[in-house]
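Here it is, the structure, as structure tokens.
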Amino acid sequence: MKNKGIIAEIQVLIANGISNIYGNEINPDSVVINQTKKEFEGDYTVVLFPFVKQLRTSPMDLGDKLSEYLKSESSKIIGVSLVSGFLNVQLSDQAWKDQLSLISNQENYGERVGNGKTFMVEFSSPNTNKPLHLGHIRNILLGDSCGKIYKVMGYKVIVTQVINDRGIAVCKSMYAWSKLSDGETPDSANLKGDHFVGKYYVKYNQLLEQEYQSWQKTDTAKNLYKEKAKEGQSVEDYFKSYKNQYFNEFSKIGAETKEMLLKWESGDSETVALWQKLNSWVYEGFDVTYKNLGVEFTKNYYESDTYKLGRSAVEEHLEKGLFERREDGSIWVNLEDIGMDKKILLRSDGTSLYITQDIGTANVRYEDFHPDKMVYVVGDEQDYHFKVLFEILKRMGKPYADGMYHLSYGMVDLPTGKMKSREGTIVDADDLLVEVIKEAADAAKEVGSLDDLPIGEQEEIFRKIGMGALKYQLIRINPRKRITFDPAASIDMQGVTGPYIQNAYVRIQSILRRLGEGYNQNEGEYTLFEDEKELLILMNHYPYTIKEAADNYDPSIVATFSYNLAKAFHRFYQERSLLNAESEEAKNFRIKLIREVAKVLKLSMALLGIEMPNRM
RNA sequence: GGCUCCGUAGUUCAACUGGAUAGAAUACCUGACUACGGAUCAGGAGGUUGAGGGUUCGAAUCCUUCCGGAGUCACCA
């Protein structure tokens, strides 16, 4: 960044001041600067306590001396007041006007020049046996937003996903389709491809359940219950927990499905053709959902390509003594020295596991793109898995091991608890998008402010508002926290919401429209009001907000920023006339100001993947 | 049980990573401009930051012991 802004300037001034007066060297970045609380006079506040011990002085004394220094050194600072260890600094109007000009000169304010580094983010990573759901949406929004944030931080960004396109679950849909479809296709059934395949996945489970039910009446099953059930365990309870074992040991359908998987693995052409057909339908469906969510991937990795990877890497490091082989041939890593346990890396039959694959995939990605950072957006239920994975890669001495990060986020719950496919409580992504856009449309029609627009344009606006509301609602919350989402309750459009922020932008656009294209006057002499300064202080903080969000992999920080800026604008708007301002100078300044407010609102919301309508 | 995460107004969330009297929204109550767009604004009420102890100029934040909730501890992914 060429200009580091006013905050950095004050930090340097303080550091220099201390160096001049006391001879101690202070790192400017360590100087804590806060926005001054409303009750006190000033724009920024320097916290003096951290220095008093080191300098062996009192806050009062330090404050007095720094006050003198600041006033004499910087023409931008016109007032300094000391309140119990806090130094409140007031900047001149001219300093703020200069800051505004600086912002207006940067089309992409807040964006940093390229740093030559590459940032890779993985998210979504769906299975190809059913459509995306609400949980995926949170995942996707987080990952997409992180990519956008790192983009403006100057990184080259690679957006990727691992598509889990193989395995027993995928074979289940294939099996059901081949048995029950009678050649039905998404076209003939008039269903989106992923929903179509998901339908057969559901059918499969019904089929299996039927088979299981009748099996439970056989003598084999009854004897099993008598012998193996725990004291007092009911029949239902026992067979509920036995289902997985039944699938593996007794089920005819299960056996046939597993045979299908084996055939697929051996490359049987008929099975592979079936697999390709169903997956291609699913991808068509996913493409639509991704497009509606506004996300694009630069590179997809397919599990069918990567599931055998990692084996050689593990074997190689086994020879180096990093891992141990047990008698049965399985290979393990021992992480007990750092308080974790032993983890299996290769099965006794030599096949890979999830973690083996991840090792292999990380290697391939590094070879493909040489990323400096690799971020995995995956739910917090896999926290331990990633701790283990990163530790193993570190021990393997991978050059990229230090740049790996697991962006862990909390699950999305319903008011009734977890989403469960078995209980049919999954909130489908496509349905939800339709629903929120409809809600936005209903709200807009009630207001009636768009009635003069052609239907097509209206619908585009409904979409932006509905999507903005949904995205904002999900992304404004700290990723670590679980979210309870009630699909039955209508989406919020008032208060801390996407539409509230969009509305601030729309109000500005409305004024600028009335003003006409060519309006661009210099402001001249003008004394700033507090609410105007507030907007400048906030906008001035935007680059720091981006950095903070990037450092913490936390888009919710940007979401909060956008809201605060919108709120400050709404307040200002209520209080000050723009088009009929009290003077030409006031009008000119305010127009310039709100142009930049609109710009920063749009830029910051874009980082969350939220679009701004010009009207609403 | 071991480890990890979470616990803040009735509810949903903040709190610049240890800084001033813990802030918003929502719901509730009271108000505002004959409209630069009311999807707005102002005000009121609402808190022992789960509980106790410690660290220090200063703690929602760090340490510790409890309490409550979630996740995870597979030759599953």
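Protein chains get the first letters and strands the later ones, always in sequence-line order, with residue 1 at the start of each. Values below: all heavy atoms of this structure, side chains included; hydrogens, waters and symmetry mates excluded. All values derive from a computational prediction rather than experimental measurement.
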Practice prompt. Sort out the partner of B/A51 for me: Watson-Crick or G-U wobble, both distances under 3.5 Å, none otherwise.
Written response: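 B/U65 - that is the nucleotide pairing with B/A51, both distances being under 3.5 Å.
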
Response to the item:
Letter by letter from the 5' end, nucleotides 56-63 of chain B scores (B base, S sugar-phosphate only, - none; protein heavy atoms under 4.0 Å) -B------

Worksheet entry | Length of the line joining A/E391:CD and B/C73:C1', which is rounded to integer Å |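 That distance rounds to 17 Å.
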
Worksheet item: Counting any heavy atom closer than 4.0 Å, what does A/Q382 reach on the DNA or RNA strands: base, sugar-phosphate only, or nothing?
Response: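 Base contact - A/Q382 has a heavy atom under 4.0 Å of at least one base atom.
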
Practice prompt. Would you classify A/I465 as touching base, sugar-phosphate or nothing, given that sugar-phosphate means primed atoms plus P, OP1 and OP2, and contacts are heavy atoms under 4.0 Å?
Written response: base

Write down the protein N/O and nucleotide N/O pairs, taken from nucleotides 14-17 of chain B, whose separation is under 3.5 Å; answer none if there are no such pairs.
unit_1: B/A14; atom_1: OP1; unit_2: A/N478; atom_2: N; d: 2.8
unit_1: B/A14; atom_1: OP2; unit_2: A/K481; atom_2: NZ; d: 2.8
unit_1: B/U17; atom_1: O4; unit_2: A/N552; atom_2: OD1; d: 2.5
unit_1: B/U17; atom_1: O4; unit_2: A/N552; atom_2: ND2; d: 2.7

Item to complete: Name the closest nucleotide to the A/R615 side chain, picking from B/A39, B/C73, B/G37.
Response: B/G37

Worksheet item: In whole Å, what is the span from the CD1 atom of A/I461 to the C1' atom of B/G37?
Response: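 Atom CD1 in A/I461 sits about 13 Å away from atom C1' in B/G37.
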
Worksheet item: What nucleic acid atoms does A/A581 come within less than 4.0 Å of, heavy atoms only: base, sugar-phosphate, or nothing?
Response: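 No contact.
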
Item to complete: Taking atom P in both B/U48 and B/G10, compute the distance separating them and give it to the nearest angstrom.
Response: 8 Å

Discussion item. So, applying side chain to side chain donor-acceptor pair (under 3.5 Å) with A/Y44, which one of A/T36, A/N34, A/N88, A/N540 is it?
Written reply: A/N540

Worksheet item: Considering only side-chain heavy atoms of A/T36, which listed nucleotide, B/A20, B/U40, B/G71, is closest?
Response: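 For the A/T36 side chain, the nearest candidate turns out to be B/A20.
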
Worksheet item: A/E39 CD to B/G19 P: how many Å, rounded?
Response: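 The distance from CD of A/E39 to P of B/G19 comes to 16 Å, rounded to the nearest Å.
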
Worksheet item: Should A/R166 and A/D305 count as an ion pair when the cut-off is N to O under 4.0 Å?
Response: no

Practice prompt. Using the C1' atom as the reference point in each nucleotide, state the distance between B/C36 and B/C41 in Å, no decimals.
Written response: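 Comparing C1' positions in B/C36 and B/C41 gives a spacing of 15 Å.
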
Fill in: Axial cation check for A/Y246 ring with A/K240, 6.0 Å and 45° limits
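No.
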
Fill in: Counterpart base for B/A14, defined by Watson-Crick or G-U wobble contacts under 3.5 Å
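With both distances under 3.5 Å required, B/A14 matches none.
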
Discussion item. When the P atoms of B/A15 and B/G7 are compared, how many Å lie between them, rounded to an integer?
Written reply: 11 Å

Worksheet entry | Nearest-nucleotide pick for A/M616, side chain only, options being B/A39, B/A25, B/C36 |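 Out of B/A39, B/A25, B/C36, the nucleotide with an atom closest to A/M616's side chain is B/A39.
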
Item to complete: Could you work out the separation of B/C28 and B/U34 based on their P atoms and round it to a whole Å?
Response: 27 Å

Item to complete: Could you please name the option among B/U40, B/A24, B/G19 that lies closest to any side-chain atom of A/F86?
Response: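 The closest nucleotide is B/G19.
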
Fill in: Nearest-angstrom distance, C1' atom, B/G31 to B/G23
23 Å

Worksheet item: Rounding to the closest angstrom, what is the interatomic distance between B/A32 and B/U49 at atom P?
Response: 37 Å

Worksheet item: Nearest of B/U21, B/G71, B/C41 to any side-chain atom of A/Y500?
Response: B/C41

Practice prompt. In plain terms, say whether A/K567 and A/E534 are close enough for a salt bridge, that is, a side-chain N and a carboxylate O under 4.0 Å apart.
Written response: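 No salt bridge links A/K567 with A/E534.
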
Item to complete: Identify which nucleotide among B/A39, B/A77, B/G37 has an atom closest to any side-chain atom of A/A443, counting heavy atoms from C-beta outward.
Response: B/A39

Worksheet item: Between A/K547 and A/D551, is there a side-chain N and carboxylate O pair less than 4.0 Å apart?
Response: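 Salt bridge: yes.
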
Item to complete: Mark this stacking check for A/F40 against B/A20 as yes or no, applying ring centres under 5.5 Å and ring planes under 30°.
Response: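 Taking the rule of under 5.5 Å and under 30°, the ring of A/F40 does stack on B/A20.
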
Fill in: Residue closer to the 5' end of RNA chain B, A/S348 versus A/K387 (nearest nucleotide)
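Final value for this comparison: A/K387.
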
Worksheet entry | Phosphate contact (B/U40 OP1 or OP2) by A/R507 side-chain N/O below 4.0 Å | no

Practice prompt. Hey, which sits more toward the 5' end of RNA chain B by its nearest nucleotide, A/K567 or A/S449?
Written response: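 The 5'-side residue here is A/K567.
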
Response to the item:
A/P499 has its side chain closest, among B/A24, B/G19, B/A39, to B/A39

Discussion item. Say we look at B/G52 and B/G68: how far apart would their C1' atoms be, to the nearest angstrom?
Written reply: 15 Å

Discussion item. Between A/D531 and A/R576, does any NZ, NE, NH1 or NH2 come within less than 4.0 Å of an OD or OE carboxylate oxygen?
Written reply: yes

Worksheet item: How would you label the contact of A/K418 with the nucleic acid (heavy atoms, under 4.0 Å): base, sugar-phosphate, or nothing?
Response: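 Sugar-phosphate only.
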
Discussion item. For the CG atom on A/N244, are there more than 12 heavy atoms of other groups (residues, nucleotides or ligands in this structure) within a distance under 6.0 Å?
Written reply: no

Worksheet item: Where the side chain of A/Y573 is defined as all heavy atoms beyond and including C-beta, which of B/C41, B/G71, B/C36 is the nearest nucleotide?
Response: B/C36

Discussion item. Out of the candidates A/Y376, A/Y409, A/F123, A/Y405, only one should pair with A/Y553 under the ring-ring contact (aromatic ring centres under 6.0 Å, His included) rule; please name it.
Written reply: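 Going through the options one by one, the only one that passes is A/Y405.
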
Worksheet item: Does B/G71 have a Watson-Crick or wobble mate here (both distances under 3.5 Å), and if so which one?
Response: B/C3

Worksheet item: Base, sugar-phosphate, or nothing for A/E303, non-hydrogen atoms under 4.0 angstrom?
Response: sugar-phosphate

Practice prompt. Check every atom of B/A39, B/A24, B/C36 against the side chain of A/N503 and return the nucleotide holding the closest atom.
Written response: B/A39

Item to complete: Taking only the side-chain nitrogens and oxygens of A/R513, find out if one of them lies under 4.0 Å from OP1 or OP2 of B/G37.
Response: no

Discussion item. Work out how far the P atom of B/G19 is from that of B/A60, and round it to whole angstrom.
Written reply: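 Their P atoms lie roughly 10 Å apart.
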
Worksheet item: Can a salt bridge be assigned to the pair A/K438 and A/E435 using a cut-off of 4.0 Å between side-chain N and carboxylate O?
Response: no

Discussion item. Check for me whether A/R326 meets the cation-pi criterion with A/W332, that is, NZ or CZ under 6.0 Å from the six-membered ring centre and within 45 degrees of the ring axis.
Written reply: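 Yes, A/R326 and A/W332 form such a contact.
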
